[in-house]
Amino acid sequence: MSRMSPSPANRPYHHGDLRAALLESAERTLREKGAGALSLREMARDIGVSHAAPGRHFKDKQALIDALALDGYERLNEALSSAADRPDQSFEQQMTALARAYLGFAVENPELLELMFARKHDPDSSAQLAAAVDQSLGSFTRMIADAQERGEIVQGDPERITTVAAASLHGLAALIAGCALDAEETLAGLDTHVHLLLHGLKPR
């Protein structure tokens with residue numbers, strides 16, 4: 001007579017990295033069903049551990065959401081840092097690479113990016129998340145400050161210039177998410193977008 005499989009609540013803990021497994025499950029749920037469907041109990045059932053197991057890493061659903069947002073920013077920052085670290089390229093080439101990294105992340109992870117921005121503006125967000133947000137903008141700001149030192153762009157507050165550039169790129173991401181722009185066509189025309197952003201519309 002065959003033995004019955006144990007229920008998820010009774011299965012032995014077998015994940016080498018439960019936290020990572022929970023975040024993967026949470027991101028999958030976020031993408032397929034939205035943030036409202038996130039649940040520690042459902043995550044536990046999805047990966048086959050006891051209902052109590054997620055409590056080892058996340059005290060509640062909000063802690064899971066915060067960790068998901070932080071993980072998103074860390075991945076975005078890695079992509080932005082790699083794109084910005086190109087000292088042999090001109091500022092326009094660097095900006096295009098950075099724009100492509102950001103827009104690529106936004107196109108691949110629209111639901112996650114929305115959650116990231118929502119937690120970014122929450123007054124209860126953690127200092128760790130705030131630092132990750134600052135790092136993402138820092139990739140832009142450092143590149144702009146370096147270009148100013150080289151005389152490649154106008155002088156001025158690097159943070160204000162960063163805001164203008166970041167708003168333009170996030171605007172593209174929002175239009176793609178809202179189906180107003182085609183992702184593939186937008187990425188293909190990104191060089192032109194960055195050129196217009198840097199040189200303006202005034203005839204020369």
Side-chain angles (χ1 to χ4, degrees), residues 17-31 35 38 57-58 62-150 152-153 157-177 183 186-187 190-191 193-194 197-198:
D17 190 343
L18 176 60
R19 188 178 187 278
L22 287 166
L23 287 175
E24 287 177 10
S25 176
E27 188 169 346
R28 186 164 54 249
T29 298
L30 177 68
R31 186 179 295 113
L38 290 172
H57 298 283
F58 309 113
Q62 191 58 63
L64 173 67
I65 290 174
D66 288 345
L68 197 58
L70 178 60
D71 184 67
Y73 271 111
E74 289 174 346
R75 283 154 48 193
L76 174 61
N77 289 340
E78 184 177 349
L80 294 178
S81 296
S82 296
D85 188 21
R86 305 184 183 202
D88 57 320
Q89 294 187 343
S90 69
F91 175 69
E92 185 165 337
Q93 289 173 319
Q94 289 178 329
M95 178 61 82
T96 300
L98 200 70
R100 197 170 298 283
Y102 177 79
L103 206 56
F105 181 90
V107 168
E108 290 293 324
N109 307 280
E111 300 85 3
L112 178 59
L113 190 65
E114 182 179 353
L115 182 142
M116 289 161 57
F117 271 75
R119 292 307 298 151
K120 165 188 172 182
H121 297 295
D122 194 301
D124 295 328
S125 62
S126 69
Q128 192 177 8
L129 182 62
V133 173
D134 289 343
Q135 185 181 342
S136 67
L137 291 174
S139 296
F140 281 91
T141 306
R142 285 191 299 274
M143 191 175 64
I144 286 169
D146 289 345
Q148 287 177 322
E149 288 185 8
R150 296 193 301 268
E152 291 189 76
I153 60 173
D157 182 359
E159 292 187 2
R160 183 174 295 277
I161 297 173
T162 296
T163 299
V164 173
S168 177
L169 297 178
H170 187 64
L172 286 180
L175 289 170
I176 291 171
T186 303
L187 285 167
L190 199 54
D191 290 31
H193 180 89
V194 171
L197 174 64
L198 297 183

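Every value quoted in this text rests on a predicted model; they were computed, and no experiment measured them.
- By the side-chain contact (heavy atoms from CB on, under 4.5 Å) test, R150 is found to be paired with F91, Q94, D146, A147, E152, residues two or more places apart in sequence or in another chain being considered.
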Pair T186-H193, side-chain hydrogen bond (donor to acceptor under 3.5 Å, both in side chains): steps then yes or no: CA-CA 9 Å; T186 303; H193 180 89; over 6 Å; no
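- Atom CD in E111 sits 8.0 Å away from atom CG in N109 (nearest 0.5 Å).
- Contact check for L22 versus R19: no side-chain heavy atoms found under the 4.5 Å cut-off.
- Counting heavy atoms from C-beta outward, F105 and L80 have side chains that stay 4.5 Å or more apart.
- For the side-chain contact (heavy atoms from CB on, under 4.5 Å) test, residues two or more places apart in sequence or in another chain that qualify with S126 are Q128, L129.
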Listed pairs under 3.5 Å, donor-acceptor, residues 134-144 side chains, sequence neighbours left out:
from, atom 1, to, atom 2, distance (Å)
S136, OG, V133, O, 2.6
T141, OG1, L137, O, 3.1
T141, OG1, T162, OG1, 3.0

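- A165 and M95 make their closest contact through CB-CE, 4.1 Å (heavy atoms, listed as atom of the first residue, atom of the second, distance).
- Counting heavy-atom neighbours within 6.0 Å of E159 CD, excluding the residue itself, gives a total of 12 or less.
- For A63, the side-chain contact (heavy atoms from CB on, under 4.5 Å) test picks out F58, K59, D60, with sequence neighbours left out.
- With rounding to the nearest 0.5 angstrom, the CG atom of L113 is 9.5 Å from the NZ atom of K120.
- The distance from atom CG of L23 to atom CG of L70, rounded to the nearest 0.5 Å, is 9.0 Å.
- Atom CD1 of I65 and atom CG of L38 lie 5.5 Å apart (nearest 0.5 Å).
- For the atom pair T29 OG1 and L64 CG, the distance stands at 9.0 Å (nearest 0.5 Å).
- Within the 4.5 Å cutoff, the side chain of L172 has heavy atoms near those of the L190 side chain.
- Distance check, rounded to the nearest 0.5 Å: CG of L103 to CD of E108 gives 10.5 Å.
- You'll find the side chain of L68 stays beyond 4.5 Å of the side chain of R119, heavy atoms only.
- Residues in residues 72-84 take part in these salt bridge (Lys or Arg N to Asp or Glu O under 4.0 Å) pairs, two or more places apart or across chains: E27-R75, D71-R75.
- Scored by the side-chain contact (heavy atoms from CB on, under 4.5 Å) test, E92 finds S90, T96, V194, H195, L198, H199 as partners (sequence neighbours excluded).
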